[in-house]
Amino acid sequence: MRGPGLFCCCLAALLLFVGADDVEDVEDVEEVFRRDRSHIEKTLRLTDEKPADDYSVALQKLRKIYHSSIKPMELAYKYNELRQYEITDGEITSKPMVLFLGPWSVGKSSMINYLLGLDETPHQLYTGAEPTTSEFTVVMHGPKLKTIEGIVMAADSARSFSPLEKFGQNFLEKLIGIEIPHKLLERVTLVDTPGIIENRKQQERGYPFNDVCQWFIDRADLIFVVFDPTKLDVGLELEMLFQQLKGRESQIRIILNKADSMATQELMRVYGALFWSLAPLINVTEPPRVYVSSFWPEEYNQDTHKELFLREEISLLEDLTQVIENRLENKIAFIRQHAIRVRIHALLVDRYLHTYKDKMTFFSDGELVFKDILEDPDKFFIFKSILAKTNVSKFDLPNRDAYKDFFGVNPITSFKLLSQQCSYMAGCVLEKIEKAITHELPDLLSSISKKPSNLNCDVTGCGEAPKNRYKKH
């Protein structure tokens, strides 16, 4: 008992010696070292009194095009069972989504807290040196601070998260929504994800983690993959994540966080090591943009490149602002891309069905005939015949092995030929989806008024406005 008693006496004496005034001075010093947030408010326009643009009319037109011209073909040829992808009304009208991915404890939650100014408030996301985020956390706007359970989010058809119910109750227990009355969240939704841990426990989460990640990746307008100088190794889990990101390279931004914890020479080595690790995983001509800074409220460490880090931070904020401004353009381009995939799928099913009917005779065993077609579709020119169609790229063709599973669940005889998918009142599904792809969606895109960009290149030295990587040219 002497030890704790002696410690308490010493602590009391120390507090008396320091004095209350000195303690207040220490607290004041801590306040001084908080980083200025004015550049965040200015770049993201959080202080603008001007109301957000009203896109309700255009979104209503987009919703109508989807339901009248695209969804009928989706249903007729069961596209959702091939891609496990379903578009809801809530998704069409939803705000842009920004997804945070990366290893554990690299600062993903801290970065969200920093962007929203939540540090040391009741709203802040929990952070720590150990793996802290075990849930998928959706941070969205609401009139007051409110936590929403995953089962409630999935049951609400007005939200864009109802399709997540298919991943099971174990996952819904790991899904949480947080509503916060914040100006930025009026225009964007942020999603924090569990950190990737390179060990076998990753397979023991109790729900299909990679499938859930893919669901969010497919819907994200901007994807921040966050690293820090101590976690650059690429293991199997991270490699699998980048495989899931293929085709979404234009939305990926790599963030090297906690950069002010390194000396200049060490930081250069870390930067090179990061590129060395990621090069085999990102097989594109133009590599993703890499931002190097420290995204948290504490002041930058002394003797570090503060001006560089600040410029990098503002560039990232401008990237985020552009995604918000291009919300409707991105949404239309996304629906058009989805329509192209649905059309290609329907053309392939139609081709499989045509080939099956041509090969069938009175004495043929239908199951064996179609098995032969499935095993070697190239022998019957299934995919090559699709490439002869207009507006079909070989890079948009789905994996042919996926059709073995698809037709294993959906017998070929359950489908009709495209030429039979017509009615007097509704017209032909193929003509309607082609009209949507070539005319209706591009016309809707061109009808949106263009606004001048307010990017501050004098501050960032960006030289030119970032390209709109989401808009179809």
Next item on the list: Go through the structure and list residues passing side-chain contact (heavy atoms from CB on, under 4.5 Å) with Ser293, not counting sequence neighbours.
Entry: Phe295, Tyr300, Phe309, Glu312, Glu313
Notebook entry, point to check: More than 12 non-hydrogen atoms from neighbouring residues, nucleotides or ligands closer than 6.0 Å to NZ on Lys166, yes or no?
Noted result: yes
Check: Is any side-chain heavy atom of Leu184 less than 4.5 Å from a side-chain heavy atom of Ile324?
Finding: yes
Notebook entry, point to check: Should Lys61 and Val57 count as side-chain neighbours, where that means a heavy-atom distance under 4.5 Å?
Noted result: yes
Next item on the list: Determine the minimum heavy-atom distance between Ser69 and Glu440, stating which atoms define it.
Entry: OG-OE1, 3.6 Å
Next item on the list: Nearest 0.5 Å please: distance from the CG atom of Leu430 over to the CE atom of Met73.
Entry: 5.0 Å
Margin query: Hydrogens and angles aside, do Ser160 and Lys95 bring a side-chain donor and acceptor to less than 3.5 Å of each other?
Written below: no
Checklist line | Pro288 versus Ile252, closest heavy-atom pair with distance | finding: CB-O, 3.7 Å
Notebook entry, point to check: Hey, is Arg253 close enough to Asp319 for a salt bridge, meaning N to O under 4.0 Å?
Noted result: yes
Note to self: Do Leu245 and Val225 make a side-chain contact, defined as non-hydrogen atoms from C-beta onward lying under 4.5 Å apart?
What the structure shows: yes
Next item on the list: Compare every heavy atom of Leu82 with every heavy atom of Ala402, then report the nearest pair and how far apart it is.
Entry: CB-CD1, 4.0 Å
Item checked: Nearest-0.5 Å distance that lies between atom CG in Leu441 and atom CG in Leu445 -> 8.5 Å
Next item on the list: Tell me, yes or no, whether the heavy-atom count around Glu186 atom CD, taken from other residues, nucleotides or ligands under 6.0 Å, exceeds 12.
Entry: yes
Note to self: Closer than 3.5 angstrom, by distance alone: can the side chain of Asn257 be matched with the main-chain N or O of Val226 as a donor-acceptor pair?
What the structure shows: no
Item checked: Smallest separation among heavy atoms of Leu175 and Val138, with atom names -> CD1-CG2, 4.1 Å
Next item on the list: Could you check Gln421, Arg343, Lys416 and say which one makes a side-chain contact (heavy atoms from CB on, under 4.5 Å) with Val429?
Entry: Gln421
Check: With a 4.5 Å limit on heavy-atom distance, are the side chains of Leu164 and Phe216 in contact?
Finding: yes
Notebook entry, point to check: Shortest non-hydrogen contact from Leu116 to Arg37?
Noted result: C-NH2, 3.9 Å
Next item on the list: Mind telling me whether His345 and Tyr403 have parallel, tilted or perpendicular rings, with 30° and 60° as the class edges?
Entry: parallel
Notebook entry, point to check: Between Gln214 and Asp218, does any side-chain donor sit less than 3.5 Å from a side-chain acceptor?
Noted result: yes
Margin query: Looking at Glu179 and Arg159, is there a salt bridge between them, counting it only when a charged N and a carboxylate O are closer than 4.0 Å?
Written below: yes
Item checked: Parallel, tilted or perpendicular: ring planes of Tyr352 versus Phe383, cut at 30 and 60 degrees -> perpendicular
Note to self: To the nearest 0.5 Å, what is the distance between CD1 on Ile433 and SG on Cys428?
What the structure shows: 13.0 Å
Next item on the list: Answer yes or no: is there a donor N or O on one side and an acceptor on the other, between the side chain of Lys432 and the main chain of Ser68, under 3.5 Å?
Entry: yes
Item checked: NZ/Lys306: more than 12 non-hydrogen atoms of other groups inside 6.0 Å -> yes
Note to self: Measuring only between side-chain heavy atoms, which start at C-beta, is Pro398 closer than 4.5 Å to Ile344?
What the structure shows: yes
Notebook entry, point to check: Of the non-hydrogen atoms in Arg351 and Ile386, which two are nearest, and what is the gap between them?
Noted result: CB-CD1, 4.1 Å
Notebook entry, point to check: Do the side chain of Glu249 and the main chain of Gly247 share a donor and acceptor less than 3.5 angstrom apart?
Noted result: yes
Check: Hey, is NZ on Lys404 packed in by over 12 heavy atoms from elsewhere, all under 6.0 Å?
Finding: yes
Item checked: Sequence neighbours excluded, every pair satisfying salt bridge (Lys or Arg N to Asp or Glu O under 4.0 Å) that has a member inside residues 63-76 -> Arg63-Asp89
Note to self: If you count every heavy atom of other residues, nucleotides or ligands that lies below 6.0 Å from Ile151 atom CD1, does the total exceed 12?
What the structure shows: no
Checklist line | Any Ile223 side-chain heavy atom under 4.5 Å of Ile217 side chain | finding: yes
Check: Going by heavy atoms in the side chains, are Leu256 and Leu267 under 4.5 Å from each other?
Finding: yes
Margin query: Please check: side-chain N/O of Asp228 versus main-chain N/O of Lys258, any donor-acceptor pairing under 3.5 Å?
Written below: no
Item checked: Test log, rule side-chain hydrogen bond (donor to acceptor under 3.5 Å, both in side chains), inputs Lys183 and Thr47 -> CA-CA 8 Å; Lys183 186 112 179 178; Thr47 57; over 6 Å; no
Check: How about Tyr291 and Phe224: are their ring centroids closer than 6.0 Å?
Finding: no
Margin query: When you compare the side chain of Glu237 with that of Asn210, does any pair of heavy atoms fall below 4.5 Å?
Written below: yes
Next item on the list: Mark yes when over 12 heavy atoms from residues, nucleotides or ligands other than Glu149 sit less than 6.0 Å from its CD; otherwise mark no.
Entry: no
